[in-house]
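Read the structure below first, then the notes.
Values reported hereafter were calculated over all heavy atoms of this structure, with side chains retained and with hydrogens, waters and symmetry mates removed.
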Amino acid sequence: MRYELVIFDNDGVLVDSEPISNTLLAGYLTELGHPTSYEDSLRDYMGAAMHRVHDLVLERTGERLPAEFDDVFHGRVFAAFERELKPVPGVVDVLEKLTADGVPYCVASSGSHERIRVGHRTTGLDTWFGEGRVFSSEDVGRGKPAPDLFLYAAERMGVAPEKCLVVEDSPLGVQAAVAAGMDVYGFTAMTPAARLAGAGELFQDMRELPGLLG
């Protein structure tokens, strides 16, 4: 295999969380007087760190979200995760194949460490992602689409950026991977392929990924 490290996004790539979190985000923003549909949330916030929500609302309305916004939103999301969250179909097979082939992997997510851990614990993916394999936008100054998070993950894993493959499902994530000088494969299960046009490969079913990796 030509890659020495596979870096996975988390939400929508490892755990099937995007429908849950974007439904809740759209609902909460609407409650606060910022009408937002599920489709709006996917378009504007999928793959982004929480600061993007604050920044866009302020830019568009001149109003700041309440100080407790993040805590309330995450409380709702974590409760829903405990009830509903599942791993992305086929992702365990991918992790088994990488492990069998001796290919290092990690996760680099716009979500907080707590969000990643809650999701992994609920879905059983925590057995695959121990200490040293989990990186969050909390670890760097700027989240996606800046390249900082992917570069940080590669540095911590001891692999040069050009030897890394990123697996992403959001336009912001694809932009970040390209800016980091890494190859990126776009997962189109939820995102129209045209929105991930910067990716080197596109695939719709996670079970396709091992064949693409070679």
Using a 3.5 Å distance criterion without hydrogens, assess whether the side chain of [X] forms a donor-acceptor pair with backbone atoms of [Y].
{"X": "Arg133", "Y": "Pro104", "answer": "no"}
{"X": "Ser136", "Y": "Gly111", "answer": "yes"}
{"X": "Ser110", "Y": "Ser137", "answer": "no"}
{"X": "Ser109", "Y": "Asp9", "answer": "no"}
{"X": "Thr191", "Y": "Asp169", "answer": "yes"}

Could you pull out the closest heavy-atom pair between [X] and [Y], with the gap in Å?
{"X": "Ala189", "Y": "Gln204", "answer": "CB-O, 3.6 Å"}
{"X": "Gly198", "Y": "Val174", "answer": "C-CG1, 3.8 Å"}
{"X": "Ser17", "Y": "Gly12", "answer": "OG-N, 3.8 Å"}
{"X": "Pro161", "Y": "Leu151", "answer": "CG-CD2, 3.8 Å"}
{"X": "Gly186", "Y": "Ala199", "answer": "N-CB, 3.5 Å"}
{"X": "Phe135", "Y": "Ile116", "answer": "O-CD1, 3.9 Å"}

Does the side chain of [Y] come within less than 4.5 Å of [X]'s, by heavy atoms?
{"X": "Phe203", "Y": "Val167", "value": "yes"}
{"X": "Thr36", "Y": "Leu25", "value": "no"}
{"X": "Leu209", "Y": "Val6", "value": "no"}
{"X": "Glu138", "Y": "Met50", "value": "no"}

Rounded distance [0.5 Å steps], [atom1] in [X] versus [atom2] in [Y]:
{"X": "His120", "Y": "Arg115", "atom1": "NE2", "atom2": "CZ", "value": "10.5 Å"}
{"X": "Asp101", "Y": "Lys97", "atom1": "CG", "atom2": "NZ", "value": "3.5 Å"}
{"X": "Leu202", "Y": "Arg195", "atom1": "CG", "atom2": "CZ", "value": "13.5 Å"}
{"X": "Lys163", "Y": "Asp183", "atom1": "NZ", "atom2": "CG", "value": "10.5 Å"}
{"X": "Ser37", "Y": "Asn22", "atom1": "OG", "atom2": "CG", "value": "10.0 Å"}
{"X": "Glu208", "Y": "Leu213", "atom1": "CD", "atom2": "CG", "value": "11.5 Å"}

Same hydrophobic cluster for [X] and [Y], using side-chain heavy-atom links shorter than 4.5 Å among ILVMFWY?
{"X": "Val13", "Y": "Leu149", "result": "no"}
{"X": "Tyr38", "Y": "Met46", "result": "yes"}
{"X": "Tyr45", "Y": "Val72", "result": "yes"}
{"X": "Val134", "Y": "Ile7", "result": "no"}
{"X": "Met157", "Y": "Phe150", "result": "yes"}

Take His113 and Asp139 through the test side-chain contact (heavy atoms from CB on, under 4.5 Å) and record every step on the way to the result.
CA-CA 9 Å; His113 277 283; Asp139 299 326; 2.9 Å; yes
Taking it one step at a time, do Leu125 and Phe8 satisfy side-chain contact (heavy atoms from CB on, under 4.5 Å)?
CA-CA 13 Å; Leu125 291 181; Phe8 292 95; over 6 Å; no
Output, in order, the C-alpha distance, side-chain angles, deciding distance and verdict of side-chain contact (heavy atoms from CB on, under 4.5 Å) for Val53 and Phe69.
CA-CA 10 Å; Val53 182; Phe69 181 86; 4.1 Å; yes
State yes or no: are the ring centers of Tyr105 and Phe129 separated by less than 6.0 Å?
yes
Over 12 non-hydrogen atoms of neighbours within 6.0 angstrom of CZ in Arg43:
yes
Begin with the C-alpha distance, continue with both residues' side-chain angles, and end with the deciding distance and a verdict on side-chain contact (heavy atoms from CB on, under 4.5 Å) for Asp44 and Arg60.
CA-CA 12 Å; Asp44 293 340; Arg60 290 170 173 173; 3.0 Å; yes
Arg76 to Tyr28, cation-pi by 6.0 Å centre distance and 45° axis angle:
yes
Under-4.0 Å salt bridge between Arg207 and Glu96:
no
Under 4.0 Å between a side-chain nitrogen and a carboxylate oxygen: does that hold for Asp16 and Lys86?
no
Only one of Val92, Leu14, Val88, Asp93 passes side-chain contact (heavy atoms from CB on, under 4.5 Å) with Met206; say which it is.
Val88
Just say parallel, tilted or perpendicular for the rings of Phe81 and Phe78, cut-offs at 30° and 60°.
tilted
